[in-house]
Colleague: 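Please see the structure below; I have some questions.
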Amino acid sequence: MSFEPSDLFGPLAKAEPATRTVPVLVPMPAPGPYSYGVPAGMAVVPGSIVQVPLGPRKVIGVVWDGEEAGKVEAAKLRPIEKLFDCPPLDEAMRRFIDWVAAYTLSPPGLVARMAMRTPAAFDPEPMIEGLRFTGHEPDKLTPARRKVLELSSDGLSWTKSGLAHAAGVSTSVIDGLAKQGLFETVFLPPPPLVAKPDPDYAPHRLAGPQEDAAEVIVDDVKAGGFSVSLIDGVTGSGKTEVYFEAIAETLKQGRQVLILLPEIALTTAFLERFHDRFGAKPGEWHSDLATRTREKVWRQTATGDIRVVAGARSALFLPFEDLGLIIVDEEHDPAFKQEDRVFYNARDMAVVRAHIAKIPVVLVSATPSVESQVNSYSGRYKRIHLPTRFADAAMPDLHLIDMRRHPPEKGGFLSPLMLRAMAKTLEKKEQSLLFLNRRGYAPLTLCRVCGHRFQCPQCSSWLVEHRFRGQIQCHQCGYAEPTPQACPECGTLDHLVACGPGVERIAEEVEKHFPEARTLVLSSDMGGVKRLRLELEAIAKGEADIIIGTQLVAKGHNFPLMTLVGIVDADIGLANGDPRAAERTFQLLSQVTGRAGRTGLKSHGLLQTYQPQHPVMMAIVSGDAGAFYEREITERERAVLPPYGRLVSMIVSADNRIDAETHARQLRMAAPAVTGIAILGPAEAPLALIRGRHRFRLLIHGRKTSDMQAFVRTMLERGPKPVRSIQVQVDVDPQSFL
DNA sequence: AGCACGCCGACT
DNA sequence: GTCGGCGTGCTC
């Protein structure tokens with residue numbers, strides 16, 4: 001090992017003074033870029049990815065544009081160490097980063113970091129060593145050598161291991177031949193990670209509403225420029241097939257496509273579906289990608305080798321070479337929202353990125369978020385409605401069961417109407433699904449003698465009995481202990497009573513009524529992924545009659561023989577403090593009931609509720625555009641959602657670092673007496689921004705639904721004016737927080 | 001965000 | 001006598 005003087009004396013030995021300085025965004029929460037010197041001969045431009053010294057360490061930064069804020073003292077100024085050999089972030093990407101930083105009130109350096117979270121991706125991938133047949137003769141021709149030569153005489157380049165594998169010989173055969181000069185070494189560019197998708201590989205034959213919908217978005221792609229469409233269609237209506245056509249058109253134009261999906265929807269099934277249509281898989285991007293693959297995807301997206309990326313929210317920050325279309329599937333999914341460091345919702349930022357890049361963006365959901373609904377009703381987004389299912393599959397008929405009129409028998413939780421429907425389904429040899437979003441046997445246990453309630457010692461939520469495991473567990477923090485026999489308060493034996501149903505208890509009730517039926521409980525705590533997959537396969541084969549499941553039955557899986565879906569407590573989840581409770585409940589129940597009837601069998605959904613008469617109004621107060629929006633709940637929603645007078649909406653605080661929605665949620669949890677919450681201004685923007693731009697001083701208004709209704713009506717009378725023009729009077733009642 | 005410096009408790 | 005907790009402060 002040899003040492004140069006500079007190794008000992010560091011920068012002192014550097015002779016070349018920096019000739020100019022440039023702003024560089026560093027991955028750190030500074031308010032703006034830092035200045036660095038550009039060594040003579042280094043050709044940096046805005047967007048160049050560089051390595052710079054920062055304090056004691058070296059970091060990756062990106063050369064920015066704009067004026068440098070102020071002059072730094074010459075003594076502080078340090079030079080850029082290295083310019084990476086990779087495409088610079090383009091103008092649109094840089095403006096996007098600036099925009100996101102401004103909107104989310106985040107330091108631009110941290111936003112830029114999201115676009116560069118791939119440690120070693122910035123140098124070109126090393127070339128691969130390959131071999132090419134030179135045409136010389138070997139000294140001896142053995143059978144193994146013959147096979148190798150047959151293959152390699154095509155004149156193409158082979159990798160050593162590839163050739164050995166193809167010829168069915170070991171690499172030493174090739175080494176031997178190479179020694180005699182039969183092969184020359186060539187350097188090959190690394191193979192692309194995925195093949196290029198072919199827009200004409202296997203087009204779907206679309207008809208009716210699907211065809212019309214596809215035409216609309218394909219036309220948007222053809223026209224070019226910014227547009228936002230919301231494809232809103234029930235489960236099984238062919239939304240994916242429709243947006244695949246827009247992808248095909250974009251590919252024909254030679255531009256790249258980004259498909260954003262919630263992490264859990266990014267499954268092999270989806271990738272295969274894409275492969276079936278385009279003959280190749282899309283590039284994948286998600287959090288648990290291997291580092292090496294991650295780097296390749298990043299780089300090949302930047303160079304344009306990858307044409308389509310399917311990814312979770314962070315894929316939005318990939319540096320596409322020529323992005324032509326963004327799809328946001330399951331746009332309502334809360335997983336698009338990031339709530340650490342930089343707070344952002346990838347769905348909304350996708351619209352921004354599309355706007356800056358002047359390209360179309362397509363939002364897709366069976367149950368669109370209130371924001372997207374508002375934007376589509378107000379004409380800001382184009383609405384594309386797919387009202388029917390593909391082929392002969394029909395949506396299940398939905399009915400509410402008023403539990404006050406059809407109560408369960410004592411000790412039970414299932415209405416006689418539900419049991420009758422289950423019996424009929426069983427007779428027809430079809431499957432029933434009972435949905436209850438509650439794991440375990442009972443959500444609360446108490447002592448009948450002294451009234452003691454079992455509470456978690458760590459976080460004070462109720463301990464849930466799991467009879468199957470003989471434990472009581474906290475679903476909040478994971479605390480668990482064996483189910484006690486005696487009350488810890490008064491010591492009385494055998495007087496503990498389980499309150500309310502969980503899936504295990506429903507299973508017990510079902511087994512009592514239908515002892516001959518094959519009953520199966522699907523719950524996330526009943527075994528691992530493997531077991532779940534086996535059980536799902538068994539169900540698909542008709543090896544179970546009645547399935548009782550928690551939330552995990554809602555997503556993705558198909559149950560071809562399922563013709564009855566029973567919702568045990570349709571109003572569960574409406575009672576908690578979440579301002580989005582009604583919206584979430586509707587989305588969840590839509591997904592669950594959407595499981596039935598997909599193979600054309602006549603199907604039903606029954607929803608048990610104790611609150612069928614609740615006032616019907618859903619007011620949505622939202623949006624940057626600031627329109628207040630109110631509509632009647634649709635018939636479909638009326639059946640799925642126990643009509644509820646919950647106002648989705650509202651406000652306020654001094655915490656500048658969290659967004660309005662998070663704050664509203666926290667506020668609502670802390671103050672259960674508050675009935676209504678309205679978010680005025682962009683729900684997911686930091687409050688400081690809302691307050692700064694929209695001049696908001698708004699607080700809780702009224703503890704009763706009627707107060708909130710009156711308040712919202714007043715706002716509605718003002719018409720759809722921009723939020724920023726409305727001055728809202730603060731109405732704080734400190735008592736309402738108690 | 002990292003990372004260093006810096007000042008007070010339980011241990012080889 | 002040291003190792004190590006995380007509280008402030010700085011990075012072009």
Side-chain angles (χ1 to χ4, degrees), chain A residues 6 9-84 88-89 93-94 96-122 287-288 291 294-295 298 312-314 316-319 337-344 346 349 655-659 662 686 688-689:
Chain A
S6 62
F9 301 111
L12 289 177
K14 286 236 160 59
E16 295 265 0
T19 51
R20 63 179 179 121
T21 65
V22 286
V24 174
L25 279 186
V26 286
M28 169 191 105
Y34 279 178
S35 296
Y36 281 88
V38 183
M42 188 184 276
V44 296
V45 296
S48 290
I49 294 175
V50 293
Q51 185 184 77
V52 292
L54 183 67
R57 61 210 167 103
K58 302 170 189 309
V59 296
I60 308 282
V62 52
V63 177
W64 220 235
D65 25 27
E67 285 303 302
E68 287 170 74
K71 285 280 154 263
V72 286
E73 308 124 65
K76 274 190 166 183
L77 193 71
R78 298 165 80 180
I80 294 173
E81 281 174 354
K82 181 179 176 183
L83 167 65
F84 289 100
L89 300 186
M93 191 66 190
R94 300 198 303 276
F96 178 57
I97 290 170
D98 278 338
W99 201 97
V100 173
Y103 183 77
T104 62
L105 297 187
S106 310
L110 294 189
V111 179
R113 196 175 68 144
M114 299 197 293
M116 304 187 301
R117 297 195 98 173
T118 37
F122 308 116
S287 59
D288 47 35
T291 319
R294 199 179 182 75
E295 290 162 2
W298 191 93
R313 60 168 186 254
S314 56
L316 184 62
F317 290 92
L318 283 170
K337 191 175 167 195
Q338 175 162 89
E339 291 189 279
D340 60 88
R341 298 183 177 101
V342 179
F343 281 54
Y344 70 96
M349 294 309 103
D655 191 336
N656 292 339
R657 291 168 51 197
I658 60 173
D659 68 315
T662 306
L689 196 73

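By convention in this document, chain letters (A, B, ...) are assigned in the order of the sequence lines, proteins followed by strands, and residues within each chain are numbered from 1. FYI, side chains are in, hydrogens and waters are out, and symmetry mates aren't considered; it's all heavy atoms of this structure.
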Colleague: Between C/dC12 atom C1' and A/Arg20 atom CZ, what is the distance in whole Å?
Modeller: 16 Å
Colleague: So which protein nitrogen or oxygen atoms get under 3.5 Å of nucleotides 9-11 of chain C's nitrogens or oxygens?
Modeller:
{"residue": "C/dT11", "atom": "O3'", "partner": "A/Gly55", "partner atom": "N", "Å": "3.0"}

Colleague: Pull out every protein N or O sitting under 3.5 Å from an N or O of nucleotides 4-6 of chain B, one pair per line with the distance.
Modeller:
none

Colleague: Does the side chain of A/Val342 reach to within under 4.5 Å of the side chain of A/Met114, using non-hydrogen atoms?
Modeller: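 A side-chain contact exists here, since the closest heavy-atom pair is under 4.5 Å.
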Colleague: Sequence neighbours excluded, which residues qualify as side-chain hydrogen bond (donor to acceptor under 3.5 Å, both in side chains) partners of A/Arg313?
Modeller: none
Colleague: Taking atom NZ of A/Lys76 and atom OH of A/Tyr36, what is their separation to the nearest 0.5 Å?
Modeller: 11.0 Å
Colleague: Does any part of the side chain of A/Leu77, heavy atoms only, come nearer than 4.5 Å to the side chain of A/Ser35, both counted from C-beta?
Modeller: yes
Colleague: Measuring from A/Arg341:CZ to A/Leu110:CG, what's the distance to the nearest 0.5 Å?
Modeller: 8.5 Å
Colleague: Roughly how far, to the nearest 0.5 Å, is the CG atom of A/Leu318 from the CZ atom of A/Arg117?
Modeller: 12.5 Å
Colleague: Out of curiosity, A/Met349 CE to A/Leu316 CG, how far, rounded to the nearest 0.5 Å?
Modeller: 8.5 Å
Colleague: Rounded to the Å, how far apart are A/Ile60 CD1 and B/dG2 C1'?
Modeller: 15 Å
Colleague: Nearest 0.5 Å, please: how far is CG in A/Leu25 from CE in A/Met116?
Modeller: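 So the gap between those two atoms works out to 7.5 Å.
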Colleague: Provide, to the nearest angstrom, the distance between the NZ atom belonging to A/Lys58 and the C1' atom belonging to C/dC12.
Modeller: 15 Å
